[in-house]
Amino acid sequence: MKRIDIISDTHGRLSRSLLASLEGADLIIHAGDITSEADWEMLQTIAPIRAVLGNNDTYYYKYEPALKRLNTFEYEGLTFAVSHYREDLPVGAIDVGVCGHTHRARIAEQGRCLVINPGSATSPRDSATPTMARMYVAEGAVQSVKIIKLESAWE
């Protein structure tokens with residue numbers, strides 16, 4: 001079984017709580033608005049990362065390897081698509097869609113596609129609690145997915 005940790009909208013801040021939660025992940029997915037080349041490099045030291053550009057990344061930051069607005073890939077027998085915006089996900093052609101932007105955590109099924117917005121690990125809206133998502137996959141299927149509340153966005 002593989003563990004995928006999903007984050008978005010970190011906006012240049014990786015709290016100790018977030019970094020501790022990411023330890024042990026087999027893959028990190030970031031749905032945009034990283035806004036820090038240093039944070040991008042730090043995340044790559046924890047686990048392989050699949051990510052996209054968010055609206056705040058587009059013109060100011062240079063990430064290597066270069067990021068795009070849509071990232072579609074296969075992992076453990078599942079087809080994933082990551083986009084900062086929910087409306088850009090090709091939900092009819094994938095198993096799992098990951099988006100961000102709203103800073104509001106949500107897990108929903110749309111047809112055969114599971115759509116996950118992990119909320120924001122640093123700047124939550126409608127909540128005082130920063131969040132991320134954690135998914136376990138095995139044998140071409142999602143075994144579980146849940147929203148995880150982080151201790152702090154700042155420490």
Side-chain angles (χ1 to χ4, degrees), residues 1-11 13-34 39-54 57 63 65 67-153 155:
M1 190 165 332
K2 299 288 185 176
R3 187 180 110 197
I4 303 169
D5 285 348
I6 304 167
I7 59 177
S8 187
D9 297 283
T10 52
H11 291 278
R13 290 191 311 268
L14 299 177
S15 68
R16 284 193 292 267
S17 175
L18 174 62
L19 292 172
S21 294
L22 294 173
E23 284 298 325
D26 294 299
L27 177 69
I28 297 170
I29 296 176
H30 197 302
D33 280 356
I34 302 165
D39 288 358
W40 172 246
E41 291 175 15
M42 169 66 79
L43 291 170
Q44 290 181 82
T45 68
I46 298 170
I49 183 168
R50 301 293 182 111
V52 293
L53 292 172
D57 294 314
Y63 305 109
L67 300 181
K68 298 177 183 174
R69 291 183 179 271
L70 179 65
N71 186 347
T72 304
F73 60 94
E74 299 281 329
Y75 186 76
E76 294 297 311
L78 294 165
T79 303
F80 286 78
V82 184
S83 175
H84 194 57
Y85 299 106
R86 160 64 191 86
E87 56 269 18
D88 292 338
L89 293 173
V91 295
I94 57 174
D95 300 306
V96 179
V98 176
C99 60
H101 186 63
T102 65
H103 295 223
R104 292 175 179 93
R106 183 168 185 221
I107 299 170
E109 289 188 36
Q110 186 169 345
R112 69 172 191 89
C113 181
L114 182 63
V115 179
I116 303 162
N117 184 326
S120 174
T122 60
S123 306
R125 293 188 183 136
D126 299 337
S127 165
T129 306
T131 56
M132 62 178 274
R134 177 163 292 152
M135 172 186 288
Y136 287 93
V137 298
E139 299 177 13
V142 175
Q143 302 299 309
S144 68
V145 62
K146 66 180 178 177
I147 300 297
I148 295 177
K149 293 181 179 182
L150 300 168
E151 286 182 28
S152 170
E155 298 177 18

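The analysis underlying the following values was restricted to heavy atoms, covering all of them including side chains, and did not include hydrogens, waters or symmetry mates.
Here the shortest heavy-atom pairing between Ala51 and Trp40 reads CB-CZ3, 3.6 Å. Nearest heavy-atom pair, Leu22 versus Ile7, reported as atom, atom and distance to 0.1 Å: CD2-CG2, 4.2 Å. Here the closest heavy-atom approach between residue Ser83 and residue Leu70 is recorded as CB-CD1, 4.0 Å. Closest heavy-atom contact between Ala25 and Ala47: O-CB, 3.4 Å. Across all their heavy atoms, Ile46 and Glu23 have their closest contact at CG1-OE2, 4.0 Å. The two atoms that bring Leu53 and Leu67 nearest to each other are CD1-O, 3.4 Å, heavy atoms only.
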message: Between Val52 and Arg69, is the side-chain contact (heavy atoms from CB on, under 4.5 Å) condition met? List the steps.
response: CA-CA 5 Å; Val52 293; Arg69 291 183 179 271; 5.9 Å; no
- prompt: Between Arg106 and Arg86, does a side-chain contact (heavy atoms from CB on, under 4.5 Å) hold up when you go through it step by step?
  reply: CA-CA 11 Å; Arg106 183 168 185 221; Arg86 160 64 191 86; over 6 Å; no
message: Run the side-chain contact (heavy atoms from CB on, under 4.5 Å) test on Thr10 and His30 for me, step by step, so that the C-alpha distance in whole Å, both residues' side-chain angles and the decisive distance to 0.1 Å come before the verdict.
response: CA-CA 9 Å; Thr10 52; His30 197 302; 2.9 Å; yes
message: Test side-chain contact (heavy atoms from CB on, under 4.5 Å) on Met42 and Leu19; report intermediate values, then the result.
response: CA-CA 9 Å; Met42 169 66 79; Leu19 292 172; 4.1 Å; yes
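Heavy-atom neighbours of Glu87 CD from other residues, nucleotides or ligands within 6.0 Å: above the threshold of 12.
Listed by first and then second residue, the salt bridge (charged side-chain N to carboxylate O under 4.0 Å, His left out) pairs that reach into residues 74-84 come to none, sequence neighbours excluded.
A donor-acceptor distance shorter than 3.5 angstrom exists from the side chain of Gln143 to the backbone of Ala138, with no hydrogens or angles considered. Judged by distance alone, the side chain of His84 and the main-chain N or O of Ala31 form a donor-acceptor pair under 3.5 Å. Here the side chain of Arg134 pairs a donor or acceptor atom with the backbone of Ser21 at under 3.5 angstrom. Thr122 places a side-chain N or O within 3.5 Å of a backbone atom of Asp9 that can act as its donor or acceptor partner. Judged by distance alone, with hydrogens and angles left aside, the side-chain atoms of Asp39 form a donor-acceptor pair with the main-chain N or O of Arg13 at under 3.5 Å. A donor-acceptor contact shorter than 3.5 Å is absent between the side chain of Thr131 and the backbone of Ile147. Proximity of a side-chain donor or acceptor of Thr79 to a complementary backbone N or O of Asp95 within less than 3.5 Å is not detected. Put simply, the side chain of Asn117 gets close to the backbone of Gly100: a donor and an acceptor are under 3.5 Å apart. Judged by distance alone, the side chain of Ser17 and the main-chain N or O of Glu151 form a donor-acceptor pair under 3.5 Å. Not a single donor-acceptor pair under 3.5 Å links the side chain of Asp5 to the backbone N or O of Ile28.
With Tyr75 as the partner, the side chain to side chain contact (heavy atoms under 4.5 Å, CB included) test is satisfied by one option alone out of Val96, Ile29, Ile4: Ile4.
Side-chain contact between Met135 and Leu114 is present, with at least one heavy-atom pair separated by less than 4.5 Å.
Between Phe80 and Phe73, the ring planes are parallel. Angles under 30° get that label, and only those over 60° would be called perpendicular.
Atom CZ of residue Arg16 and atom CG of residue Leu14 lie 12.5 Å apart, to the nearest 0.5 angstrom. In this structure, SG in Cys113 is found 7.0 Å from CG in Leu89, a value given to the nearest 0.5 Å. How far OG1 of Thr129 is from CD1 of Ile148: 13.5 Å, rounded to the nearest 0.5 Å. Lys2 NZ to Glu139 CD: the interatomic distance, rounded to the nearest 0.5 Å, is 13.0 Å.
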